2 protein chains.
Amino acid sequence: MPTIKYYVREGLLPAGRLTSPNQARYDDGHERRLRLIRALLDVGGLPLSAIAEVLGAVDDTAQPLHEVLGVAAVRITPAQAGDPAGVGPESAEAREEVAALLARRGWRVEPDNPAAQSLAGVLAALRRAGHGGFVELLDVYADAAESVAHADLDYVRRRVAREDLVESVVVGTVLGEAMFGALRRLAHVDASARAYEGGREAEPGAR
Amino acid sequence: MPTIKYYVREGLLPAGRLTSPNQARYDDGHERRLRLIRALLDVGGLPLSAIAEVLGAVDDTAQPLHEVLGVAAVRITPAQAGDPAGVGPESAEAREEVAALLARRGWRVEPDNPAAQSLAGVLAALRRAGHGGFVELLDVYADAAESVAHADLDYVRRRVAREDLVESVVVGTVLGEAMFGALRRLAHVDASARAYEGGREAEPGAR
DNA sequence: GGATAGCGGACAGTGCCACTATCCATAATT
DNA sequence: AATTATGGATAGTGGCACTGTCCGCTATCC
């Protein structure tokens, strides 16, 4: 309960309607909003400040939809740390690699898109960590990402109400990533079980 | 440089060999290790404590390989917060759903695997946030995860040296997730560009 | 109608995390 | 010989997500 007070203070939750100086009423919209915050925070790992900005944009009905989606896209992208300026030979190479990928796949994305920068950051980090070979898997990953993205879009397309739409985008993007991560780990366990043992047992690192 | 001191103190980096009471030498293994730490920390978002445990297991050559992979698998899995005890109706339903998925796909995974619990946590959070419909995409996601996991395994299989192997698993799992996340966001941008506009421009939320 | 329990609001404090700064004695550099 | 740098130890910082406490009022129970 003190947490709710705190969220209200931080502008994450609207204050309840005061029925008297010390009595406030909360409707079930509040509860839904609270569950959304908890999901984005606990599962998605978004900082409260990012959640606050996204929710603020959602609630600002004056803002056009594409503005809101823009805010969401930026705020939702994990802060790509480590060489933020993007200097160093690996970073330059990584940016070229991303540009080549976008061209190769015909993806219509501006190269200064935050996701593109974030991808370049990952590629640079892989190279710096001595695992540049992992970058060869880019296209396999991109294929998988494409099919997931289409499914995501189908899910979002079912929404009509503005708030619902934005919420679907945010939830789908953030929780979808966590969902894929968990599935990928599960698939790892299964794949290595099959690869390293012909038959019965679970894999060594399956724990 | 003070950061390196700190990492040595925390046991993340081995101390350099002392040539005299105040002079230590670091070899390039140190630098490589440092880059690995930075990648896992900055890009992967792992807490230093988790990195320390994984690296500790890697360096403990007495431990059998499967033990090390076990430690890595557990430490690498994001701390599934929010309803950790897994009580509440959504959690029970989610766990059943995960079990059904594993059975349906024939994945050989013990149901108490941390990744399975983490998936159940995500599904429960989706339900609680009022986006249970997103769960319908589970199989699309699982297909994508499977193909990515096979590629990951192929990458790892090329390693022979023990330390290299474990490092590949860790890097592949952690940075691979970041790589997929970025690609998925890029694919979103492209997909909605194609869906909402016939032709030229980038999508509304593309930034 | 009087005691008590609880509310909203304000503000200070907590715990964790990843550093960062300062100090000291000694050693390398110029 | 003077300056600069280093390792080791300890303390301090800043960000984040809360949590605890106090206050004045009010709703409620007996």
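Every chain is numbered from 1, with letters handed out A, B, ... down the list of sequences. Note that the structure is predicted; figures quoted are calculated from it, not measured.
Listed by chain and residue number, B/R157 satisfy the side-chain contact (heavy atoms from CB on, under 4.5 Å) test with B/D154 (two or more places apart in sequence, or in another chain).
The line from OH of B/Y155 to CZ of A/F134 is 7.0 Å long, rounded to the nearest 0.5 Å.
Here B/T3 reaches the OP1 or OP2 of C/dT20: one of its side-chain N or O atoms lies under 4.0 Å away. Between A/R38 and the phosphate of D/dC18, there is a side-chain N or O to OP1/OP2 separation shorter than 4.0 Å.
Remark: C1' of D/dC16 and CG of A/L41 are 10 Å apart, rounded to the nearest angstrom. Remark: P of D/dA17 and CD1 of A/I4 are 17 Å apart, rounded to the nearest angstrom. The nearest whole Å value for the distance from the CG atom in B/D42 to the P atom in C/dC19 is 7 Å. Rounded to whole angstrom, the span from the CG atom of B/L13 across to the C1' atom of C/dC19 amounts to 14 Å. What separates CD of B/E10 from P of D/dT10 is a distance of 14 Å, to the nearest Å. Across the protein-nucleic acid pair, A/Y7 atom OH and D/dT19 atom C1' stand 12 Å apart, rounded to whole Å.
Between the A/D190 side chain and the A/A193 main chain, no donor and acceptor come within less than 3.5 Å of each other. Side chain of A/D139 to backbone of A/A142: no donor-acceptor contact under 3.5 angstrom is found.
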> Stepwise, does the side-chain hydrogen bond (donor to acceptor under 3.5 Å, both in side chains) test hold for B/Y7 with B/R38?
Replying inline: CA-CA 11 Å; B/Y7 287 173; B/R38 299 304 322 187; 2.6 Å; yes
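Counting only N and O atoms by type, the side chains of B/R33 and B/Y26 include no donor and acceptor under 3.5 Å apart.
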Review item, nucleotides 10-17 of chain C N/O atoms under 3.5 Å of protein N/O:
| unit_1 | atom_1 | unit_2 | atom_2 | d |
| --- | --- | --- | --- | --- |
| C/dC11 | N4 | A/R9 | NH1 | 3.2 |

